[in-house]
**Student:** 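Below is the structure I would like to discuss, written out as C-alpha cells.
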Amino acid sequence: MGAFCYGDDMKQLKFYLITDTHYFKNSLGAYGKGYDEFMRFEQKCYAETQAINRSVIDWLKEADEADIVLIAGDLSFNGEKESHLEFIELLNELKASGKQVFVVSADHDVNKEPFAYNGGERISVEPIDRMDIFDLYYDFGFSQAIAVDKKHLSYVVQLGDGVRLMALNNDYENQKFFDDEQLEWIRTQAKSARDDNQLLFAMNHYPLLPGQPLFSLISSTYQKNSYEVVNLMADEGIHLVFTGHMHNQSINEFISTNGNKLYDVCTSSVIAHPAIIRHVTLSDDFTAQIKSIPCPDFEWDTNGKTCQQYLIDLFDSMILNILEDMKTDPARVLGKFGIGDKKALFPVVKILGKLFDKLTVGTLSRLLFIKCDKSIRKELLKNYIARLVRGVFEGNQTFVEGTAHGDVFINFLNRINPVLKKIKVKGFDGKPADLKEILKHSAGNYGIDDYNTILKLK
Ligand SMILES: [Fe+2]
Ligand SMILES: [Fe+2]
C-alpha cells in the first residue's frame, strides 16, 4: 500500500464515529404507564434520545479534529418513519456545517411494528420498508459511493486519498449474516482496493468478534457466521472494522489461520452509558489511533444528577430491576434472555432472586469458604452484580486480579470451577472453551485498552 494523505495533515485520515443513535421523535409519545413498564428492563434512553442526539450533533458540528463522521447503525429508536425523517434533518445540519456523513442501517432501523407510548398502553406508529433506507439516507453514503450493493444496502466510498470505507448491512431478509453473494461482493471490493493501493476498512453494525468473551456464548450479541467473515476479511486485507449494536465498548484482535490481523472496534451507544464518541486517526504506517470522548451533556431534567450519572443510574436500575423481578416474575426475567418459556427454571430463579436481595458479598463468601477483602464485605450482592455487569458493557473492566472486587470474583470462580468444567461451551470459532477463563476475562480486562489505544494493523 502506498502512502496516503488527507487535507493539510499529510499521510493521515481522521474521522469521528458514533453509533446506535436510536433517535426517537418525542412528539410520537414516550410517557405513561406502559412506557414506565417498558423502561424497567432498558439500559438505553427513549424519551431522552431526541435531546441527546441534538447535543451530540451540535458537538460534532463544532468539533474540529476531523471533518468526517461515520454512524454505525441503529439510527432510529425502532424504525419509526417520523424518527428517521427528523434524524435526517439533524444529519443535514451536520452536513451543512461542513462534515461529510456516512451511515449504515441496522436492525432497529426497519421494524414492521414500531411503537410509541402516549400515556397509556403501547400504540403503533408508521414504519418504513427496508428499501426506503436507500432513498432516505441516499445523501449519507450511497450518493458518494464508488461501489454500491443496493440489495444488501452496502457501499464503498473513497474517504480520502488512499483510504476507502466499506459500509456493510447484514439484514437482507432479516438474515443477520452476509450471504454468498455479499461475501463475493466484499471479496471483489477488497481486491479492487488492493489493486488500487488503497487502505480499506469496514463499518458493520453487528460486531464480528464477540465484544467480551462472555458474549461468545450468546449468539445474538455478534454476527452469525462471523468466524468465516473475519478470516475472509483479514486475509483479503481488511484489518479494521467498526461496530456497535451491543452498546458496549470493546476492542478485540483476531488473527486468521493465515496469520493476518483484524481488529473489531465496538463503540457504545450515544444514548446509553458509557455514551462515547470515537475519534480515529489512520496513518500510513498501518496504525489506527483510537481515542474515546465522552458524549456532551444534554438538555433534560435529570433530577440534579450529572448527565453521566443519569445514564449510569439508568443502566444500574435495569440490572437491579431484573434482580428484583426474579422474586416475583421469573417468566419476564427469563424472557429477557429469550427463555421465558422454561418453567422448570422458575423456582430456581425465585430462590436466587431472594438471595440476591438480602445477601452481602461477605456473607456469600463465608458460606462458600472464600476470601473476601474487608472493604467490600458489607456490599449488597445485588449492587456488586450491577457493578460487575455494568463493567462488561463499559469496557476496561475493573474486576481484575489484585483488586478487592476482582479477587473475590476469581476466588468464587475457583470455588465453582468443578461445576463450570462440566458445562461444555464453545468459543465463536467453534472450538471448546474454558468457562472459567471466559468469565474471568469478561469481568476484568487483561487485553487491549477499550478506550484509547494505537492498533498496528499489520
Ligand atoms: Fe442499538
Ligand atoms: Fe442493534
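As the structure is a prediction and not an experimental result, all values here were calculated from the model. Read the numbers this way: they start at 1 and go in the same order the structure lists the ligands and their atoms. Sequential numbering from 1 along the given sequence is applied to the chain's residues.
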**Student:** Any chance the rings of F242 and F15 have centres within less than 6.0 Å?
**Tutor:**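 Yes: the rings meet the under 6.0 Å criterion.
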
**Student:** Y384 and H405: aromatic ring centres closer than 6.0 Å?
**Tutor:**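 For Y384 and H405, the ring centres are under 6.0 Å apart.
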
**Student:** So, is the end of the R122 side chain (NZ or CZ) under 6.0 Å from the ring centre of F115 and within 45° of the ring's axis?
**Tutor:**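 Positive - R122 is close enough to the ring of F115 and near enough to its axis.
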
**Student:** Assess K150 against F134: is NZ or CZ under 6.0 Å from the centre of the six-membered ring, and within 45 degrees of the ring's axis?
**Tutor:**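 Yes, cation above the ring, under 6.0 Å and within 45°.
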
**Student:** With D171 as reference, evaluate K224, R130, K151, K176 under the salt bridge (Lys or Arg N to Asp or Glu O under 4.0 Å) test and give the passing residue.
**Tutor:**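 Going through K224, R130, K151, K176 one by one, the salt bridge (Lys or Arg N to Asp or Glu O under 4.0 Å) with D171 is satisfied by R130 alone.
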
**Student:** Under 6.0 Å from the six-membered ring centre of F409 and within 45° of its axis: does the NZ or CZ of K440 meet both?
**Tutor:**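 Negative - K440 is either too far from the ring of F409 or too far off its axis.
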
**Student:** Kindly give the atom name of the N, O or S atom of H22 closest to the Fe ion (ligand 1).
**Tutor:**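 Output for this pair reads NE2.
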
**Student:** At distances under 2.8 Å, what protein N, O or S atoms surround the Fe ion (ligand 2)?
**Tutor:**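 Near the Fe ion (ligand 2), the protein supplies D74 OD2, D107 OD1, H205 NE2, H245 ND1.
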
